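Notes follow once the structure below has been shown.
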Amino acid sequence: ALKSVSSAVEKAKSKFDSLKSSASQLADSVKSGVLSAANITRGAGGDKPVTVGTIMGGLTASRDKATAFADALKRLKKKGLSKGLLQQVAEAGIEGGGLETAGALLTASGSELQSVNSLQGQISKAATSAGKTTASAVYGAQLKSQERLVKALDKLEDTLKKATKKG
């Protein structure tokens, strides 16, 4: 019993660590996207000369967009936008259409947001089906063959262990 509990504890800790790592990577990715959109050198290279004033103006505009984006994501989470859609908006970022999409979704009614979530769920279901069909077509026979080989080798290993114990 202790062995199975210890095994369950190890699996739970491993999954927890994996989830923490995934969450940290996503947070870093979204943060990086926002920071990239707010880069201090964004105003350079255009037709206008770069001055401290243009730099400050650009940074102020970037700060306002970053703040609006962060607030919009919090509000969308609270309104019930699905986690998958929230991730898509967040990863699109300020420059990739995320800010505009978030703004539009914030005007959605509760039923409209439910419909958006439902449509995304239907898309996800179809995408999963497409992926499974393709994987089965490409790897199905190989997987079945490899599974038979693994079972045969497991059986052989068990037989050898039993023979070793007797001998």
Side-chain angles (χ1 to χ4, degrees), residues 1-45 55-147 150-151:
L2 177 60
K3 186 176 180 181
S4 66
V5 169
S6 296
S7 175
V9 167
E10 285 304 313
K11 286 179 183 175
K13 284 181 180 179
S14 177
K15 183 171 183 172
F16 180 64
D17 288 343
S18 177
L19 286 170
K20 284 194 317 187
S21 176
S22 294
S24 178
Q25 288 173 5
L26 179 57
D28 287 346
S29 173
V30 172
K31 175 184 172 183
S32 177
V34 171
L35 289 174
S36 177
N39 189 303
I40 193 170
T41 62
R42 288 185 50 84
I55 292 170
M56 294 293 288
L59 288 174
T60 300
S62 291
R63 179 214 46 213
D64 293 347
K65 285 181 182 180
T67 302
F69 190 56
D71 179 61
L73 292 173
K74 284 179 190 174
R75 290 174 53 205
L76 287 171
K77 178 183 175 191
K78 189 178 244 184
K79 279 185 82 165
L81 185 66
S82 74
K83 63 184 178 182
L85 289 173
L86 188 68
Q87 182 175 349
Q88 287 180 33
V89 171
E91 288 181 333
I94 292 169
E95 299 296 317
L99 184 56
E100 295 88 347
T101 302
L105 289 171
L106 284 172
T107 68
S109 68
S111 64
E112 287 172 325
L113 212 52
Q114 284 178 341
S115 292
V116 167
N117 287 338
S118 176
L119 287 167
Q120 179 61 30
Q122 293 167 26
I123 292 168
S124 180
K125 187 175 179 180
T128 298
S129 175
K132 285 181 180 179
T133 298
T134 305
S136 175
V138 174
Y139 293 105
Q142 293 173 17
L143 285 168
K144 286 179 184 175
S145 174
Q146 194 66 25
E147 182 179 28
V150 167
K151 285 180 181 178

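Computed from a predicted structure; not experimentally measured. Residue numbers start at 1 and run along the sequence shown. Note: hydrogens, waters and symmetry copies are ignored here, and every other heavy atom, side chains too, is used.
With values rounded to the nearest 0.5 angstrom, Ser115 atom OG is found 9.5 Å from Gln122 atom CD. Atom CD in Gln120 sits 12.0 Å away from atom CG in Leu86 (nearest 0.5 Å). Taking OG from Ser7 and CD from Glu10, the interatomic distance works out to 8.0 Å, rounded to the nearest 0.5 Å. Of the inter-residue distances, the one linking Met56 atom CE with Arg63 atom CZ reads 9.0 Å to the nearest 0.5 angstrom. From Glu100, atom CD reaches atom CD1 of Ile94 across 9.5 Å, with rounding to the nearest 0.5 Å. Expressed to the nearest 0.5 Å, how far OG1 of Thr128 lies from CD1 of Ile123 amounts to 11.5 Å.
Closest approach of Leu73 and Ala90 over heavy atoms only: CD1-CB, 4.0 Å. Of all non-hydrogen atoms in Val89 and Phe69, the two that sit nearest each other are O-CZ, 3.5 Å. Closest non-hydrogen pair, Ala72 versus Ala102, comes out as CB-CB, 3.8 Å. Minimum interatomic distance between Asn117 and Ser82 (heavy atoms only, all atoms of both residues): OD1-N, 2.8 Å. Nearest heavy-atom pair across Arg42 and Ser36 is CD-O, 4.0 Å. Considering every non-hydrogen atom in both Val34 and Ala66, the closest pair reads CG1-CB, 3.7 Å.
Annotation for Lys74: atom NZ does not count as buried by contact number, only 12 or fewer foreign heavy atoms lying within 6.0 Å. Heavy atoms of other residues, nucleotides or ligands lying less than 6.0 angstrom from CD1 of Ile40 number 12 at most.
Contact of the Leu85 side chain with the Gln88 side chain is registered, since non-hydrogen atoms from C-beta on lie closer than 4.5 Å. For the pair Lys15 and Lys11, the minimum side-chain heavy-atom distance is 4.5 Å or more. Between Leu26 and Glu91, some side-chain heavy-atom pair lies under the 4.5 Å cut-off. The shortest distance between side-chain heavy atoms of Gln25 and Ser21 falls below 4.5 Å.
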